[in-house]
Amino acid sequence: MQVDSDESAQDTVLYLTLIGSCNLLGVDPLRYFNEILPRIHHDMTREECEALLPYRGVRSFEN
């Protein structure tokens with residue numbers, strides 16, 4: 001995998017970390033992203049962002 005900038009490298013690390021967390025928790029990553037992406041908005045609080053992390057919604061995202 002090749003990234004062309006620091007920003008794209010940071011984005012890649014973020015997504016790979018979320019996918020890895022999903023896998024460790026037995027959560028289907030595709031289902032997880034399909035559920036959370038529509039909920040994300042620009043002016044979210046830290047608490048709102050944390051509520052979307054895979055370990056917060058394990059029961060609703062389990063395989």
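Values reported hereafter were calculated over all heavy atoms of this structure, with side chains retained and with hydrogens, waters and symmetry mates removed.
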**Asked** Can you find a pair of side-chain heavy atoms, one from P29 and one from N23, that are under 4.5 Å apart?
**Response** yes
**Fill in**
Looking only at heavy atoms, the pair that brings R56 and E50 closest together is CG-O, 3.1 Å
**Message:** As an exercise, state the distance from OG1 of T17 to CG of L53, rounded to the nearest 0.5 Å.
**Reply:** 11.0 Å
**Message:** Nearest 0.5 Å, please: how far is CG in L24 from CD1 in I19?
**Reply:** 12.5 Å
**Request:** Nearest 0.5 Å please: distance from the CD1 atom of I40 over to the CD atom of E48.
**Result:** 11.5 Å
**Prompt:** If you look at every heavy atom in P38 and N34, which pair is closest and at what distance?
**Reply:** CD-O, 3.3 Å
**Item:** Pairwise distance CZ(R39) to SG(C49) - rounded to 0.5 angstrom
**Value:** 13.0 Å
**Item:** L18 backbone acceptor or donor facing Y32 side chain under 3.5 Å
**Value:** no
**Prompt:** So if you build clusters from Ile, Leu, Val, Met, Phe, Trp, Tyr with side-chain heavy-atom gaps below 4.5 Å, do Y55 and L14 land together?
**Reply:** yes
**From CE (M44) to CG (L52), nearest 0.5 Å** = 4.5 Å
**Item:** Minimum heavy-atom distance between P54 and L25, given as atom pair plus value
**Value:** C-CD1, 3.7 Å
